[in-house]
Asker: 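Dumping the structure here so I can ask a few things about it.
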Amino acid sequence: MVDYSVHGQVAVLEVNNPPVNAFSHNVRVGLDRSIDKAIKDTNVKAIVICGKGRTFPAGADIREFDQPHKEPSLTLVFEKLEKTTKPVVAAIHGTCLGGGLECALFCHYRIAQKTARVGFPEVQIGILPGAAGTQRLPRLTGLHVAMDMITSGRHIFAPEALKYGIIDEMFTGDVINAGIKFAKSVMNKPLEDRCLMNKTVKDADQADQIADEFMSLVKRKYKGFEAPIDCVKAVKASATLPYREGLKMESRLMQKLLLSGQSAAQRYAFFSERAVSRWKMPGGNFQTAKPLPIKSTAVIGAGTMGTGIAVCLLNAGYQVYLLEQNQKFLENGVKTIRGIIEGSVRLGKTPMAVAQKAATLLKPTMKYEDLADVDLVIEAVYENLSLKREIFSKLDKLCKPTTLLCSNTSSLDIDRIGTATKRGDKVAGMHFFAPAYYMRLLENIYSTQTSPTTAATIMDVGRKIGKVSVLVKSCQGFLANRMRGPFAVEAYFLLEEGSTPQEVDSVMENLGMPMGPFKTGDLSGLDIGYKIQTELAKSKGVELSVDSKFLMGERISTLTRTMYDNGRLGRKTGKGWYRYEKPGGKLATPDEEVREIIKDHCKKAGIQRRNISTQEILERLMYSCINEGFKILEEGVAATPEDIDISWIYGFSWPKYLGGPMYYANRIGLDKIYQRICYYHENFPYSSHWIPSRLLLKLSENKVPMSQWCSGTDSKL
Ligand code: CAA
């Protein structure tokens, strides 16, 4: 776990625990012994600590957090480093994070490869740097930088770390050689001044002011998260308490956070994000199928989605043919793409070199023939099956036989798109979420014909363009939109039965969603919901009227139509479920007129109104979706609950501290959820989304723990 070697008078302690050299219990024991050995060896005059393989230790072993703690603790081991009279040098490469950076902060010197990154990402798993990180970093950098790094969890590259004094020197080339060379250069220098515990925090006199500033920032930016608040308190303690007292404060806050449900949920989300890349489908999985090389791509349609997708591909270095049907649309599309990339450069999110390269990779065209040789086409025209089938049939005829043809549809059946071609195995869905260049979820969809190689390729492209990709089986609405369907429908029913838009919204916002369903509806525009409903009814041969209450035996609400008829189209008209300060305004104010419109609508439709409790609102919005989630699992649309939870986190901004709806359901108790679903099914028999899932019944009856029905198990039913 720790390789020990002596080079002349320098002992090298190389942490060897792939893949990221995390400080597991065995590593702590190994490091402890190696430090003792180096201290005792009279020939050794200096010590170098580094990581073997790809990185310096990237922190404590997060998998051990749920197990009983085993001595020695990280702090106990690290303290030996600072106390020794031999200089200790941390030679950093790769990612020096969390406990790894804390280890480095106990060393007398830190040097790093130019490409190395350092940071304290603990806040992202709901904790704080609990091995003295909150007390030591401010002693090096001052409070402001430490507050920023610790509350945001951001990684910084070596040049920035050098600027803040976190590292003493940058190097290029071999880590061990650089470490030894540096160690030799400091061998006989006094160490008193190199021990951080002896130092004071330089801007301690501004502690109150800086802490207040960050406290209000984190409360606004990370609403609902506990860890950022405790990070501010712990870092402030570095300036207001003596070192040992500050450590006690850090430890108290760390224990509190570790026991909180938020940290467990955030750790679940961390591992889930990685688990979804281990996809599987009938006939193949991430291990058996290899991705095809993709160099050139094409995007069909230069609307909002098409341009967003093109930006993702361009930023990742792919050549992109952007195809539109007329010059004006094409020019607008190119302008939009340039605008997005330039804006991102201004915000410092995209390096100038990437933007310049992107400009050369973009090939606007109106000719399908230009797409003949591309490796991947992503079609992003509006949702119309016949149009998509027409486009796919055309592409099939003119593209080379190996070209993959994908659709950015949010709900249309990929099988029916695939059958328009003679290469169904190379047809798949790539469903981006708006705005495509920003939202991190990519829902990749396979049909009954899609080959595992195609799936492997689109999953690989997803990773390369920086998305969290989830692979799902084709069905109406796929995973994300299908599961969210009942949420939208129940929200309207609640209004009809007696709730107000602000009551419903505040329940979801209090749960941690950034916006409730009605504020979201106002943002997208109420005409969209109305049109979708009308089209759906038409496709089933039904003409809806304002007082229609059923469609093919299913309860429906025509409230959006009533709103539409009253000219309330959302933010764009300054009036929707709320009133806004002006058309296009952002400030949502509850509106008495809306209450009257709803009451009038209900009167006409003969719907009895009543008082609805907050708990009922929450249950009807969330449990209906959770029930659908279990059906999605039951039918194999999603392979694991992690696929579902990650889709909600990155597609719908579900708060990570609740771990995703399936995790949330497990926390509440599947038996309780099941009982309530049965209750609503009895009361609302005309809503099929309340028909209880068989899988949910089975899991709750047998009290199966989540560890057995999440990834890695095939024994769900
Ligand atoms: N503990 C346990 N496992 C870890 C881990 C950790 N700290 N960090 C990464 N892993 C695992 C991942 O789960 C993954 O496992 P699988 O292959 O089984 O999925 C594997 O290592 C590789 O990780 P990535 O796929 O994420 O690899 P990457 O190259 O994309 O990223 C990384 C590497 C930047 C280090 C990223 O893994 C990361 O950010 N890790 C978390 C770092 C972290 O949070 N450190 C703080 C830990 S808490 C702490 O240190 C508390 C303290 O104060 C003492």
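Each ligand, and each atom within it, is numbered from 1 in the order the structure gives. The figures that follow rest on heavy atoms only: side chains count, while hydrogens, waters and symmetry mates do not. For clarity, every value in this text was computed on a predicted model and none was experimentally measured.
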Asker: Side chain of Asp168, backbone of Ile111: donor and acceptor closer than 3.5 Å?
Answerer: no
Asker: Between Phe271, Phe56, Phe270, which one has a non-hydrogen atom sitting closest to atom 40 (N) of ligand 1?
Answerer: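 It is Phe270 whose heavy atom sits nearest to atom 40 (N) of ligand 1.
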Asker: Could you give the distance from OG (Ser152) to NZ (Lys221), rounded to the nearest 0.5 Å?
Answerer: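 These two atoms lie 7.0 Å from each other.
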Asker: Are side-chain N/O atoms of Tyr664 and Asp645 paired as donor and acceptor at under 3.5 Å?
Answerer: no
Asker: May I ask you to decide if the ring planes of Phe23 and Phe78 are parallel, tilted or perpendicular, using 30° and 60° as cut-offs?
Answerer: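 Ring orientation of Phe23 relative to Phe78: perpendicular.
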Asker: What part of Gln124 sits under 4.0 Å from ligand 1 if we count only heavy atoms: the side chain, the backbone, both or neither?
Answerer: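 The answer is neither; Gln124 stays 4.0 Å or more away.
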Asker: Is atom 42 (C) of ligand 1 less than 4.0 angstrom from at least one protein heavy atom?
Answerer: yes
Asker: Look only at interatomic distance and state if Ile127 has a nitrogen or oxygen under 3.5 Å from any nitrogen or oxygen of ligand 1.
Answerer: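 No; every N/O pair is 3.5 Å or more apart.
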Asker: In the protein, which heavy atom is nearest to atom 14 (C) of ligand 1, and how far is it?
Answerer: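 For this ligand atom, the closest protein heavy atom is Arg274 CD, 4.2 Å.
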Asker: Quick one: nearest non-hydrogen protein atom to atom 20 (C) of ligand 1, plus distance?
Answerer: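 I find the closest protein heavy atom is Pro19 CG, 3.5 Å.
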Asker: To the nearest 0.5 Å, what is the distance between CG on Leu241 and NZ on Lys236?
Answerer: 9.5 Å
Asker: Is it true that Arg33 and Asp36 make a salt bridge, defined as a side-chain N closer than 4.0 Å to a carboxylate O?
Answerer: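 Looking at Arg33 and Asp36, the cut-off is not met.
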Asker: Could you see which bit of Ala60 sits under 4.0 Å from ligand 1, with heavy atoms only: side chain, backbone, both or neither?
Answerer: both
Asker: How far is atom 44 (O) of ligand 1 from the closest protein heavy atom, and which atom is that?
Answerer: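 Answer, as residue, atom name and distance: Pro121 CG, 3.6 Å.
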Asker: Considering only protein heavy atoms, which is closest to atom 1 (N) of ligand 1, and at what distance to one decimal place?
Answerer: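 Of the protein heavy atoms, Ile62 N, 2.9 Å lies nearest.
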Asker: Identify, for atom 19 (O) of ligand 1, the protein heavy atom at the shortest distance, and state residue, atom and that distance.
Answerer: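 The answer is Arg278 NH1, 2.8 Å.
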Asker: With heavy atoms of Gly99 as the reference, note each atom of ligand 1 found under 4.0 Å away.
Answerer: 49 (C), 50 (O)
Asker: Can you list everything that forms a ring-ring contact (aromatic ring centres under 6.0 Å, His included) with Phe433? Sequence neighbours excluded, please.
Answerer: His431
Asker: Should the pair Lys464-Asp460 be classified as a salt bridge under the 4.0 Å nitrogen-to-oxygen rule?
Answerer: yes
Asker: Heavy-atom contact under 4.0 Å between Arg54 and ligand 1?
Answerer: yes
Asker: Counting only heavy atoms on the protein side, is anything nearer than 4.0 Å to atom 11 (C) of ligand 1?
Answerer: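 So far as the 4.0 Å threshold goes, atom 11 (C) of ligand 1 is out of reach of every protein heavy atom.
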Asker: Taking NZ, NE, NH1 and NH2 as the nitrogens, is one of them in Arg136 or Glu82 under 4.0 Å from a carboxylate oxygen of the other?
Answerer: yes
Asker: According to the side chain to side chain donor-acceptor pair (under 3.5 Å) rule, which pairs have a member within residues 109-119, sequence neighbours left out?
Answerer: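 Of all non-adjacent pairs touching residues 109-119, those that pass side chain to side chain donor-acceptor pair (under 3.5 Å) are Arg117-His155.
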Asker: Counting heavy atoms only, which of Val20, Leu74, Thr95 comes nearest to atom 4 (C) of ligand 1?
Answerer: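 Selected option, by shortest heavy-atom distance: Val20.
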Asker: Judged on heavy-atom distance to atom 45 (N) of ligand 1, which of Gly59, Gly98, Ala58 sits nearest?
Answerer: Ala58
Asker: When you check the gap from the basic side-chain N to the acidic O, do Glu79 and Arg244 get nearer than 4.0 Å?
Answerer: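 A salt bridge is present here (some side-chain N lies under 4.0 Å from a carboxylate O).
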Asker: State whether the shortest distance between N or O atoms of Arg117 and N or O atoms of ligand 1 falls below 3.5 angstrom.
Answerer: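 It does not: no N or O of Arg117 is found under 3.5 Å from an N or O of ligand 1.
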Asker: Judged on heavy-atom distance to atom 54 (C) of ligand 1, which of Arg267, Arg463, Glu102 sits nearest?
Answerer: Glu102
Asker: Heavy-atom contacts with Pro129 under 4.0 Å: which atoms of ligand 1 show up? List them by number with element.
Answerer: 53 (O)
Asker: To check your reading of the model: name the closest protein heavy atom to atom 39 (O) of ligand 1, its residue, and the distance in Å.
Answerer: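 I find the closest protein heavy atom is Leu97 CD1, 4.1 Å.
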Asker: I'd like to know whether Trp709 forms a ring pair (Phe, Tyr, Trp, His ring centres under 6.0 Å) with Phe630, so could you lay out the CA-CA distance, the side-chain angles of the two residues, the decisive distance to 0.1 Å, and finally the verdict.
Answerer: CA-CA 11 Å; Trp709 52 275; Phe630 279 101; 5.3 Å; yes
Asker: Do me a favour and list the nearest non-hydrogen protein atom to atom 2 (C) of ligand 1 with residue, atom name and distance?
Answerer: Asp61 OD1, 3.2 Å
Asker: Considering heavy atoms of the protein only, find what lies nearest to atom 15 (O) of ligand 1 and give residue, atom and distance to 0.1 Å.
Answerer: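 Nearest neighbour among protein heavy atoms for atom 15 (O) of ligand 1, to 0.1 Å: Arg63 NH2, 3.8 Å.
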Asker: Before accepting this row, confirm whether a basic side-chain N of the pair Glu64/Arg28 lies closer than 4.0 Å to the acidic partner's carboxylate O.
Answerer: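 Yes, this pair counts.
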